[in-house]
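As the structure is a computational prediction, the values presented were derived from the model and not from experiment.
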Amino acid sequence: MSADRETNHDMTNSDITTLLTEATDEVEIGIAPYQAVIRGGRRRKARRWAVATATALVIAGSSATLAVAGLPGGGGTVAPAATQTPTTAPADLFTPQRTTLASGVEDGKPWKVVIDVWATPRDKAQAEGQLQAMALYGDIPTGVTKASELIGKSSYVTYLRDGDDESRGVYEDAFEETDIPMKGTDVESAAIPFRTTDEHVERLVIGMVGRDAEQVTCAWKNGTATKVDRPGKDTEVATDQPAIRRAEGSPVDWFVCLAPKGTQYKSADVTERQVPAAG
């Protein structure tokens, strides 16, 4: 299923409805192959993170140690989907909102980072249909075993696509209405190897910040840094240029940094933010 993610995104809702029953027969429960280590400071809750290789995941702004199940969109297995599709749910519940967060070329091969955000189902019937649709995209969140766990949550998953390789899941979780909004210097970021075959250092950083963050600085262990700024109002910045970006359906904004070859991730921090008006 995950190998067809790019084309599946363009399917119509009737196409999805036709394939939902087939998807139910294809999914199975995955077993956690390794653990991802999550460490950091203050944030509102522990998040689930899916990593692309059996490498420690470095997080700023969260704390926990979690077992990671089959990778979404990257050849991992997913949880069982429901068997019937509701016909009364909004159509956008069955198609993720996809945004390209970054792109580039390295060693002659194009790469890009994308995020899928799923709208919030409000009842069991809507959640059952969405779980089935997620199975088609390989987007079922890690740890979700029944449709009711999606109710009241907006799920998301980020992917790295490197050249002709299949998309690799980077991290995923769900936004909930009870979440405390990110603001100020709040930041959450994941650092993973950019290549899995011959690279064992965390070079690719993907993170989230609040709406008032104006600049994020990714620091590397060789003493250099990459600054990622928020574009000015009504200014479009190509995805091959680092920028703090909005993602369709996401209540937070996103950034991507890629360390130069020969070094790796050290930290990612909000270094400029909007100052509230006095009075």
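Glu188 and Met182 get closest at one heavy-atom pair: N-CE, 3.9 Å. Minimum interatomic distance between Arg230 and Ile244 (heavy atoms only, all atoms of both residues): NH2-CG2, 3.7 Å. Nearest heavy atoms, Ala119 versus Pro121: O-CD, 3.2 Å. Listed here is the closest heavy atom pair of Ala147 and Ala127: O-CB, 3.2 Å. Shown here for Leu131 and Lys146, the closest heavy-atom pair between the two residues is CD2-C, 4.2 Å. Across Arg122 and Gly152, no two heavy atoms sit closer than the pair NH1-CA, 4.4 Å.
Side chain of Gln130 to backbone of Leu93: a donor-acceptor contact under 3.5 angstrom is found. Checked by atom type and distance alone, the side chain of Ser189 never pairs as donor or acceptor with a backbone atom of Ala268 at under 3.5 Å.
Here Glu128 contributes atom CD and Ile151 contributes atom CD1; the two are 8.5 Å apart, rounded to the nearest 0.5 Å. Atom CG of Leu150 and atom CG of Asp123 lie 12.0 Å apart (nearest 0.5 Å). The CD atom of Gln215 sits 3.5 Å away from atom OG1 of Thr271, with the distance rounded to the nearest 0.5 Å. Distance SG/Cys218 to NZ/Lys227: 10.0 Å, rounded to 0.5 Å. In this structure, the separation between NZ on Lys112 and CZ on Arg161 is 7.0 Å, given to the nearest 0.5 Å. For the atom pair CD1 (Ile115) and CZ (Arg245), the distance works out to 13.0 Å, reported to the nearest 0.5 Å.
Legend: residues meeting side chain to side chain donor-acceptor pair (under 3.5 Å) with Arg203, ordered by chain and number and at least two apart, are Glu106, Glu199. Shown here are the side chain to side chain donor-acceptor pair (under 3.5 Å) partners of Thr120, two or more places apart in sequence or in another chain: there are none. For Ser250, the side chain to side chain donor-acceptor pair (under 3.5 Å) partners are Trp254, not counting sequence neighbours. The side chain to side chain donor-acceptor pair (under 3.5 Å) search around Thr99 returns none, not counting sequence neighbours.
Side-chain contact between Val270 and Asp186 is absent, with no heavy atoms from C-beta onward closer than 4.5 Å. Two residues are said to be in side-chain contact when any heavy atoms from C-beta on lie closer than 4.5 Å; Val252 and Phe175 meet this criterion. You'll find the side chain of Val117 reaches within 4.5 Å of the side chain of Ser154, heavy atoms only. Between Val209 and Arg273 there is no side-chain heavy-atom pair separated by less than 4.5 Å. At a threshold of 4.5 Å between non-hydrogen side-chain atoms, the residues Asp162 and Lys109 count as touching. Between Arg246 and Arg211, some side-chain heavy-atom pair lies under the 4.5 Å cut-off. Using a 4.5 Å heavy-atom cutoff, the side chains of Leu204 and Val256 are in contact. A heavy-atom distance below 4.5 Å is found between the side chains of Ile192 and Arg168.
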Quiz item: Can you check side chain to side chain contact (heavy atoms under 4.5 Å, CB included) on Asp173 and Met208, steps first, answer last?
Solution: CA-CA 12 Å; Asp173 195 20; Met208 62 176 76; over 6 Å; no
Quiz item: After noting the C-alpha distance and the side-chain angles of Trp220 and Cys257, does the key distance pass the side chain to side chain contact (heavy atoms under 4.5 Å, CB included) rule?
Solution: CA-CA 10 Å; Trp220 315 119; Cys257 301; 3.6 Å; yes
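Look at Glu172 and Lys153 and you find no salt bridge, because none of the NZ, NE, NH1 or NH2 atoms lies under 4.0 Å from a carboxylate O.
Counting only residues at least two apart or on different chains, no ring pair (Phe, Tyr, Trp, His ring centres under 6.0 Å) pair has a member in residues 225-251. Within the structure, every pair that satisfies the ring pair (Phe, Tyr, Trp, His ring centres under 6.0 Å) test and touches residues 97-134, not counting sequence neighbours, is listed here: Trp111-Phe194, Trp118-Tyr137.
Both Val113 and Leu258 are members of a single hydrophobic cluster when ILVMFWY side chains are connected at heavy-atom separations under 4.5 Å.
Paired with Phe255 under the rule side-chain contact (heavy atoms from CB on, under 4.5 Å), one option of Ile206, Val187, Leu101, Asp229 passes, and it is Val187.
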